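Just so it is clear, the model here is predicted, and its values are computed rather than measured. Only heavy atoms go into these numbers, but all of them, side chains included; no hydrogens, no water, no symmetry mates. So you know, we letter chains A, B, ... as the sequences are listed, proteins then strands, and number each from 1.
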Amino acid sequence: MTDEELAKDLGPVAALTIGVGTMIGAGIFVLPREAYGIAGPAVALSFVVGGIISLFTALSASELGTAMPKAGGSYYYVNHALGPLFGSIAGMGNWMGLAFASAFYVIGFGDFLVSVVSIPAVNLGVVSLSAVQVAAILAGLLFIGVNYVGAKETGTLQVVIVITLVLILTAFSILGFLEADLTTLRPFAPSELGGYGAVLPGTALVFVSFLGFAKITTVAEEIKNPGRNLPFAVVGSVVIVTTMYAILMIIMASIKPWQELSAAGADPVVEVAQLSFESVLGLGALGSGVIIFGGLLATASSANASILASSRINFAMGRDKLVTAWLNEIHPRFATPYRSIAVTGFIIVFSLVAVDDIKVLAKAGSALHLIVYGLLNLALIVMRESDAPEYDPEFTVPFYPLTPILGAVFSFGLIAFLDPIEIGLSVLFVVFGIVWYLFYARERTDKRGILSRYVLSRSSELPDAAVSAASTVQPDGGYRVMVPLSNPESERDLVSLAGSVAKANGGTLVGVHIVKVPDQTPLESAREEYDFDEADRLLEQARVDADELDVDIETHTVLSHRSFEEVFDAAETYNADLVVMGWGPDSHGSPGRAESAFEEITHALPYDVLVLKDRGFDPSHVLVPTAGGPDSDLSASIASVLREFCDAEVELLHVADDETEGERFLREWADERGLGDATLTVETGDVETAIESHATEASLLVIGATERGLLSRLVRGTVVMDVVDDVECSVLMAEQSRTRSIRKRLFG
Amino acid sequence: MTEHVEPLFSRPLLPLANADDAELTCAAAFPRIAAAGGRASVVHVIEKAGGAPDKASVEQREAVADELFDIARRAADDAGIDLHTDLRFATDVGDAILDAAAEADATAIVFIPRGGRSWWDLFSGAVRDQLVRHSDRPVVVLPAGTDDDGGSET
């Protein structure tokens with residue numbers, strides 16, 4: 001527990017400075033000249049509008065962040081709620097958006113740098129770089145280098161930088177206020193620029209100044225007491241910077257008329273600082289010096305925080321297998337995600353060299369962020385509506401559903417006010433995200449969105465189009481076999497059975513130990529008090545057995561007030577394709593009273609289930625009775641797996657009225673399923689007698705559920721088939737997924 | 001002088017920095033621990049910035065810890081010794097290792113020097129220095145890549 005506290009060491013102020021530090025950057029130091037040119041003094045309103053749009057998304061991000069304090073932030077929420085297709089769009093969009101924004105920040109840095117030191121322009125023959133570009137590239141390389149080597153001091157330095165910045169800008173505002181002449185502000189919204197109609201295009205330009213509040217959520221896992229501190233930092237940083245921006249824009253425009261501020265070659269912040277420091281303190285040079293210093297700090301801290309945030313997004317994408325694990329290797333010496341930082345760095349430097357007008361790129365970066373923000377608001381709605389049991393935010397947005405709906409509408413809506421080329425660029429990257437999903441991520445990721453689970457689990461109520469859309473975008477990779485383990489005696493048998501199936505499908509084994517906690521004990525305190533030795537031993541044994549089979553295994557201990565029903569929740573949580581469980585008097589406890597809820601689960605079973613009635617697992621002679629039908633397909637594939645991995649001898653049994661007819665059917669059935677060389681037996685007469693008599697020689701009987709509801713009958717304690725109790729060998733009962741067969745029907 | 005002197009390798013603590021380090025350290029130390037009939041503790045310290053964002057995600061660093069503890073577990077199985085693993089979060093790696101040693105009542109702190117001649121290697125150099133200077137128990141530096149002759153050094 002103390003380890004957890006140590007791992008979370010970001011206090012409210014540190015979290016706030018991440019947001020404020022990223023947002024106060026190139027936006028306010030570089031853009032004002034152009035911003036006044038678009039809307040005149042009314043551009044202060046553009047900043048206010050930007051702040052309001054951000055505020056809606058900030059509230060949504062806070063709720064999602066307190067519910068899921070995981071590394072990766074916005075990307076993680078979108079992927080979790082909307083699935084890996086939107087996850088790919090959001091992840092790639094967020095990553096590229098950050099890289100472009102960083103390029104813009106270092107250009108701002110370069111701008112300030114060339115005003116203090118002289119830096120030569122470079123002509124490389126193929127490309128010629130201006131002095132500003134050279135300075136920007138040097139600065140970019142420096143920031144990337146710092147993050148690559150990773151000194152823990154940079155984080156602390158960031159806090160100092162942000163506090164210095166806020167002090168500088170506050171001093172600037174106060175001195176400016178003493179000099180302000182409100183008549184200079186008139187007309188507030190100049191008619192030659194389109195009056196108040198120019199406010200929204202102004203917002204589109206300056207929105208890049210608001211990218212930053214969501215970055216706090218990328219380090220959510222490190223924040224102390226996230227339930228309180230995360231919303232405070234995210235919402236607080238938006239409120240602080242919006243207020244500062246609006247005040248600064250008003251003050252600057254009341255000291256110098258906007259026409260002068262937006263004149264070509266003007267540098268409003270520096271000029272106004274010089275003026276106000278001169279007339280109030282008589283120290284004009286100090287004013288411009290301090291502002292240039294502030295500009296350097298601001299752009300540096302924005303770039304630094306963006307590079308750091310992008311490596312978190314890379315990591316979160318790698319965790320969901322949307323990018324290769326190679327990217328997220330930790331450097332053995334520096335303990336930094338060095339490859340991710342280097343790749344991001346390459347993108348930044350490349351865009352610095354390749355793109356002339358970096359503002360276009362910065363605005364494309366804002367457009368990408370706006371898309372991510374829009375998706376984030378939708379993700380919140382999905383999480384709320386799907387009523388996922390694990391979704392339990394400590395902070396909830398006010399006025400739901402209005403807040404996230406407006407957040408999404410405003411975010412997507414603002415994109416319309418950008419220039420066509422910027423919209424085009426961002427669309428290009430959305431397409432890139434989709435292509436990335438279809439050709440790279442789809443076959444690798446095993447993550448499914450809450451949305452598609454929600455749609456698939458209600459397949460009977462929702463229109464077919466929605467269901468088929470949801471099932472076509474399912475990830476196909478990563479076959480996962482879950483084994484709930486409860487008692488040490490049957491553990492080995494279950495693991496070897498499940499392991500063989502996993503191995504045959506090139507998949508992963510998921511060992512889950514469910515610890516039943518008495519209802520009166522809260523789960524939280526059980527987590528602290530419970531003795532996990534037994535669970536650890538059981539799971540350790542499972543790991544050893546899986547190692548022997550050479551199958552990948554992951555293990556989880558789940559605390560629950562329920563035991564049997566929890567198996568199915570766990571199967572959902574760990575994205576199981578197949579659940580292999582034991583069945584016996586003390587296998588999984590007795591089911592609770594929540595029968596109706598259980599009916600719902602088995603009604604739309606999203607995975608295959610094998611239930612082993614274990615009387616000593618021995619797959620040497622496997623008997624598979626079949627009458628055709630979907631559930632015997634699963635039996636057949638299990639039989640082939642056992643034959644391949646356990647050297648099982650497979651016998652197929654069909655009971656028919658007419659023997660020649662029966663032989664023809666069984667021959668065909670066996671050939672279709674690749675079991676042509678198995679022993680084929682055809683009997684006439686009573687089905688159960690036939691099965692029982694052949695089972696005396698068999699070591700394992702594999703039965704498909706002949707009708708729906710094997711599991712629900714097991715739960716109620718009524719016997720499925722007398723056969724199961726009458727035979728002496730182990731029995732494996734197979735029930736095929738219901739939703740998957742829907743998909744099969746639709747897509748073959 | 002205490003009456004009862006425990007062998008150095010009866011309950012040593014091994015700080016592990018990364019996968020390669022774990023591989024080398026375990027290969028060099030475990031046979032010696034087995035020969036002394038001892039058991040081993042391994043510790044990995046996740047360096048925290050202490051109130052500022054870390055250089056890498058905590059979860060990412062924990063994955064690294066899992067990986068190197070796995071290496072140690074396998075090596076301990078091969079050598080037939082008991083293993084205790086300890087994951088710590090701290091702003092000062094050296095201090096955390098010393099704390100771990102005190103808590104495990106380690107008979108020695110055992111490590112293999114990791115290069116460290118490069119100019120930027122202030123970090124691991126500093127940790128090594130701190131272990132050597134401030135440890136209240138023996139510090140054993142093993143050579144990397146020697147034959148595992150299993151000689152105990154009591």
Is any side-chain heavy atom of A/Pro231 closer than 4.5 Å to a side-chain heavy atom of A/Thr66? yes

At a heavy-atom separation under 4.5 Å, does A/Asn147 approach chain B through its side chain, its backbone, both, or neither? neither

Under 6.0 Å from the CZ atom of B/Arg137, do we count more than 12 heavy atoms belonging to anything else shown? yes

Cut-off 4.5 Å, heavy atoms of chain A, and the answer for B/Val64 is side chain

I'd like to know whether B/Leu98 forms a side chain to side chain contact (heavy atoms under 4.5 Å, CB included) with B/Ile109, so could you lay out the CA-CA distance, the side-chain angles of the two residues, the decisive distance to 0.1 Å, and finally the verdict. CA-CA 8 Å; B/Leu98 293 177; B/Ile109 298 173; 3.8 Å; yes

Shorter than 4.5 Å, heavy atoms on both sides: which option in A/Ala335, A/Ala71, A/Gly11 has the most such pairs with chain B? A/Ala335

Side chains of B/Ile97 and B/Gln130: closer than 4.5 Å at any heavy-atom pair? no

Is any side-chain heavy atom of A/Ile307 less than 4.5 Å from a side-chain heavy atom of A/Ile341? yes

Salt-bridge criterion met for B/Lys55 and B/Glu47 (N-O under 4.0 Å): yes

Taking all atoms of both residues into account, what is the closest heavy-atom pair of B/Phe89 and B/Lys48, and its distance? CB-CG, 4.0 Å

Where do B/Pro12 and B/Thr107 come nearest, in terms of heavy atoms and distance? N-OG1, 3.4 Å

With a 4.5 Å heavy-atom cut-off (strictly below), which parts of residues 12-21 of chain A touch chain B? List them by number. A/Ala14, A/Ile18

With a 4.5 Å heavy-atom cut-off, do B/Leu83 and B/Phe30 have their side chains touching? yes

Start with the C-alpha gap between B/Asp99 and B/Arg88, add the side-chain angles, then the distance that decides, and say whether side chain to side chain contact (heavy atoms under 4.5 Å, CB included) holds. CA-CA 10 Å; B/Asp99 286 350; B/Arg88 287 178 180 249; 3.7 Å; yes

Does atom CG of B/Asp105 have more than 12 heavy-atom neighbours from other groups under 6.0 Å away? yes

Taking heavy atoms only and a threshold strictly under 4.5 Å, list by residue number the residues of residues 214-223 of chain A that touch chain B; give 'none' if the list is empty. A/Val219, A/Glu221, A/Glu222

Partner chain B: residue of A/Val159, A/Thr336, A/Leu157, A/Ile330 with the largest heavy-atom pair count (under 4.5 Å): A/Ile330

Of the listed residues (A/Glu329, A/Arg319, A/His331), which shares the most heavy-atom pairs with chain B below a 4.5 Å separation? A/Arg319

Take A/Arg312 and B/Asp54 through the test side chain to side chain contact (heavy atoms under 4.5 Å, CB included) and record every step on the way to the result. CA-CA 10 Å; A/Arg312 298 294 154 91; B/Asp54 292 324; 4.1 Å; yes

